[in-house]
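These notes concern the structure reproduced below.
Quick caveat, the model's predicted, so the values are computed rather than measured. Quick note on labels: first sequence line is chain A, next is B, and so on, each numbered from 1.
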Amino acid sequence: MPELPEVETVVRQLRQAVCFRTIEAVTIKDPKVISPAVAQGLPARVIDIARRGKSIIFTLDSNAYLLAHLRMTGHFHVVPSRSASLEYQKYLSGIFHLDGGSFFTFNEIRRFGGITKVSAKELEKAFSRLGPEPLADSFTFTAFDSLLHRFPSAVIKTKLMDQSFLAGLGNIYAQEALYRAGIHPQTKIEEIGVSKRKRLYHGLREILRLAIKCNGTTIQNFSHLDGKGSFQDLLSVYQREKCPRRHRVERINQGGRSTYYCPRCQK
DNA sequence: CGAGGTACCTGACAGC
DNA sequence: TGCTGTCAGGTACCTC
């Protein structure tokens, strides 16, 4: 499930393979996933690939941007030459033809994610609703704490997953961060004391950094360009039966989503 | 305004 | 075997 660490992994790999290359043409197989506008204004050179929250931004030298979101099951694949077989044809949404005959593809099983072409203004508008980047230097404990103070009555787990609150956390890392902080996922923000707020701040940053080092978590549908991440081996509660301290993990439902937590470690 | 619920979409899997 | 129901979940959109 692509969250911040998985998207960051994909961005780093795309940067290696696609940055400073020219997109000559795009073949759109599924216009619901790849907006037809993406094929216009080519060829164009990719001069930067970056991440904001869970979005991927390709900066083109044509004064436009490609905005990609993996949602649940979106994948990029880089294919070295035109003669190579399209290994992932089954869910192929689009083919990006690069200079020199290589290409990369976008595949989307559930067709939730996709790629659109946007202007600088549209890009700014899309990101204006996003909360801060949890790994940014400017995201200090003070910044996190003042954010928490704005929503005293909200349930902490739901808020951690709210992209306008904090950009990049999803169901897995929100749960893992709460385990690290010893906070029950149904706790209201106003009920969390300052020491647990600090543990949550440090816990979520540590977990994101560690997961990036592991190239993300590979569960069910997520794999990055070069294979699989390994953070799933380090999960404490998500889809686990026992927490690292050998207590039984419980599963509850919050907003139609499963939440795993340890009733003994998280009060 | 915030908070909570639901639709979107398809594959995996359990149960009969 | 083959059907049905449930679950997975990021985000936009809706209602209260």
(request) Can you check each nucleotide of nucleotides 9-16 of chain C against protein heavy atoms at under 4.0 Å and return B for base, S for sugar-phosphate only, - for none, in 5' to 3' order? (result) BBB-----

(message) Between A/Arg21 and A/Val46, is there a side-chain heavy-atom distance shorter than 4.5 Å?
(response) no

(message) Is the phosphate of B/dC8 approached by A/Lys32 (side-chain N or O, under 4.0 Å from OP1 or OP2)?
(response) no

(request) For the helix from B/dG2-C/dC16 to B/dC16-C/dG2, measure the angle between the helix axis at one end and the axis at the other, each built from five pairs, rounding to 10°. (result) 50°

(request) Quickly work out the A/Tyr91 OH to B/dC9 C1' distance and round it to whole Å. (result) 12 Å

(message) Can you tell whether the side chains of A/Arg12 and A/Glu8 come within less than 4.0 Å, N to carboxylate O?
(response) yes

(message) So A/Thr217 and A/Tyr238, do their side chains get closer than 4.5 Å, heavy atoms only?
(response) no

(request) Say whether A/Glu108 and A/Ser93, considering side chains only, have a donor N or O and an acceptor N or O under 3.5 Å apart. (result) no

(request) Round to a whole Å and report the spacing from CG of A/Asn253 to P of C/dC7. (result) 8 Å

(message) In the structure I gave you, are the side-chain heavy atoms of A/Ser102 and A/Val78 within less than 4.5 Å of one another anywhere?
(response) no

(message) Nearest whole Å is fine: how far is B/dC1 C1' from A/Lys159 NZ?
(response) 11 Å

(request) Please check if A/Phe139 and A/Leu169 belong to a single hydrophobic cluster, counting links between Ile, Leu, Val, Met, Phe, Trp and Tyr side chain heavy atoms closer than 4.5 Å. (result) yes

(message) Rounding to an integer number of Å, can you tell me how far A/Leu70 CG sits from B/dC8 C1'?
(response) 17 Å

(request) Starting at atom CD of A/Glu6, determine the distance to atom C1' of C/dA8, rounded to an integer number of angstrom. (result) 15 Å

(message) Whole angstroms only, please: what is the CG-P distance between A/Asp30 and B/dC9?
(response) 11 Å

(message) Counting C-beta onward and ignoring hydrogens, is there a side-chain heavy-atom pair between A/Arg257 and A/Lys157 closer than 4.5 Å?
(response) yes

(request) Applying ring-ring contact (aromatic ring centres under 6.0 Å, His included), name anything that partners A/His184, two or more places apart in sequence or on another chain. (result) A/Tyr261

(message) Counting only side-chain nitrogens and oxygens, does A/Ser153 get under 4.0 Å of the OP1 or OP2 atom of B/dA3?
(response) yes

(request) Take A/Val155 and A/Arg111, find for each the nucleotide of DNA chain B with the closest heavy atom, and name the residue whose nucleotide sits nearer the 5' end. (result) A/Val155

(request) Indicate the ring-plane relationship of A/Phe165 and A/Phe151, choosing parallel, tilted or perpendicular according to the 30° and 60° boundaries. (result) perpendicular

